[in-house]
Amino acid sequence: MGKIIAMANQKGGVGKTTSAVNLSACLAYLDKKVLLVDIDPQGNATSGVGVNKADVNQCIYNVLVEDVPVKEVITQSSVSNLDIIPATIQLAGAEIELVPTISREIRLKKSLEMAKEHYDYIIIDCPPSLGLLTINALTSSDTVLIPVQCEYYALEGLSQLLNTIRLVQKHLNKDLMIEGVLLTMLDARTNLGIQVIEEVKKYFQDKVYNSIIPRNVRLGEAPSHGQPIITYDPKSRGAEVYLELAKEVMASGERVG
Ligand code: ADP
Ligand code: MG
């Protein structure tokens, strides 16, 4: 049975999508079968693995709102061993359309149940909010991986996220655990980055990954080529560190399981 990991932080621009795409691709590169689930209406994870949103007929919207089985929307990505459930801008309406529906918080969980046996990892790329889509992701997941950008105010807003995680644990998914905290976009030339690392480690302690993602031009370029960094530029520092992260994620899963 696969492990489901939600990539969540309600702040935008902290590296959720970049990390969801590249962790997924690196796990796939390490011979794991991976399903990436895009639940952000922006659909950046979808295009980031080489799927043209204009060609998508049915996406996660149809799964969540219209009960279309996931196997009908699972699409091959540009990377072997990596499939994707795409998202398009159509999903923007789901947050509101789901409100009056029955079991609105557990729709994604139910849909992913049948996919779980076919994959080693299912990675969910959340939108930048704590609304119903993110709640669906947290309810479906075994663990949540929190990307934190190495910048001033890095910890701001995290108590809100942790509070939401606690509420989900209490009411919807008592087994939800924190997978880890990933520091992203480190600019090693500044003291600020080092200070943020210390601050985040003081708060989250051994939950913080040893792999720290540097600010890396190639990581920023790769999405416009529809490729994860491991195929776009396998020798780049970004590729090396995401590969290290994938190994850390695999090792922690083995400890627990
Ligand atoms: P989120 O999904 O949390 O909104 P993204 O992953 O989309 O954040 O990242 C925001 C922007 O920063 C994107 O344009 C992305 O390409 C860029 N980016 C993310 N991580 C890095 C990095 N380590 N180095 C350089 N650019 C990055
Ligand atoms: Mg994103």
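For the numbers below, each heavy atom of this structure counts, side chains included, while hydrogens, waters and symmetry mates do not. Numbering of ligands and ligand atoms starts at 1, following listing order.
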Side chain, backbone, both or neither: which part of Ser19 has a heavy atom under 4.0 Å from ligand 1?
-> neither
Just by modelled atom types, is the Leu133 backbone N or O under 3.5 Å from a matching donor or acceptor in the Glu95 side chain?
-> yes
Would you say Gln42 reaches the Mg ion (ligand 2) with an N/O/S atom under 2.8 Å?
-> no
List the closest protein heavy-atom neighbour of atom 16 (O) of ligand 1: residue, atom name, distance to the nearest 0.1 Å.
-> Gly220 CA, 3.8 Å
Any N/O of Thr18 closer than 3.5 Å to an N/O of ligand 1?
-> yes
Are side-chain N/O atoms of Glu105 and Thr139 paired as donor and acceptor at under 3.5 Å?
-> no
Go through the side-chain N and O atoms of Thr46 and Asp38 and say whether any donor and acceptor fall under 3.5 Å apart.
-> yes
Judged by non-hydrogen atoms, does Pro147 sit under 4.0 Å from ligand 1?
-> no
Electrostatic pair Arg218:Glu221 at N-O distance under 4.0 angstrom = yes
What is the nearest protein non-hydrogen atom to atom 8 (O) of ligand 1, stated with its residue, atom name and distance?
-> Gly15 N, 3.0 Å
Heavy-atom nearest option to atom 23 (N) of ligand 1, drawn from Gly12, Ser224, Pro223, Pro214 | Pro214
Taking atom types as modelled and ignoring hydrogens, do the side chains of Tyr61 and Glu97 form a donor-acceptor contact shorter than 3.5 angstrom?
-> yes
Got the closest protein heavy atom to atom 21 (C) of ligand 1, with its distance?
-> Met185 CG, 3.6 Å
Using distance alone, with no hydrogens and no angle criterion, decide if Ser78 and Gln227 have a side-chain donor and acceptor under 3.5 Å apart.
-> no
With heavy atoms and a 4.0 Å threshold, my read on which part of Ile213 contacts ligand 1 is side chain
Between Lys11, Arg218, Lys16, Gln10, flag the one that comes closest to atom 3 (O) of ligand 1 by a heavy atom.
-> Lys16
Which residue and non-hydrogen atom of the protein lie closest to atom 10 (C) of ligand 1, and at what distance in Å?
-> Gly13 CA, 3.8 Å
Should you measure from each heavy atom of Asn216, which atoms of ligand 1 turn up under 4.0 Å away?
-> 22 (C), 24 (N), 25 (C)
Please indicate whether any nitrogen or oxygen in Thr17 is less than 3.5 Å from any nitrogen or oxygen in ligand 1.
-> yes
Side-chain donor/acceptor of Asn22 to backbone N/O of Ile229, under 3.5 Å = yes
Would you mind listing which atoms of ligand 1 come within a distance below 4.0 Å of any non-hydrogen atom of Val14?
-> 1 (P), 3 (O), 8 (O)
Identified side chain to side chain contact (heavy atoms under 4.5 Å, CB included) counterpart of Ile85 within the set Val37, Ile122, Ile39, Leu108 | Val37
Are Tyr242 and Ser211 linked by a side-chain donor-acceptor pair shorter than 3.5 Å?
-> no
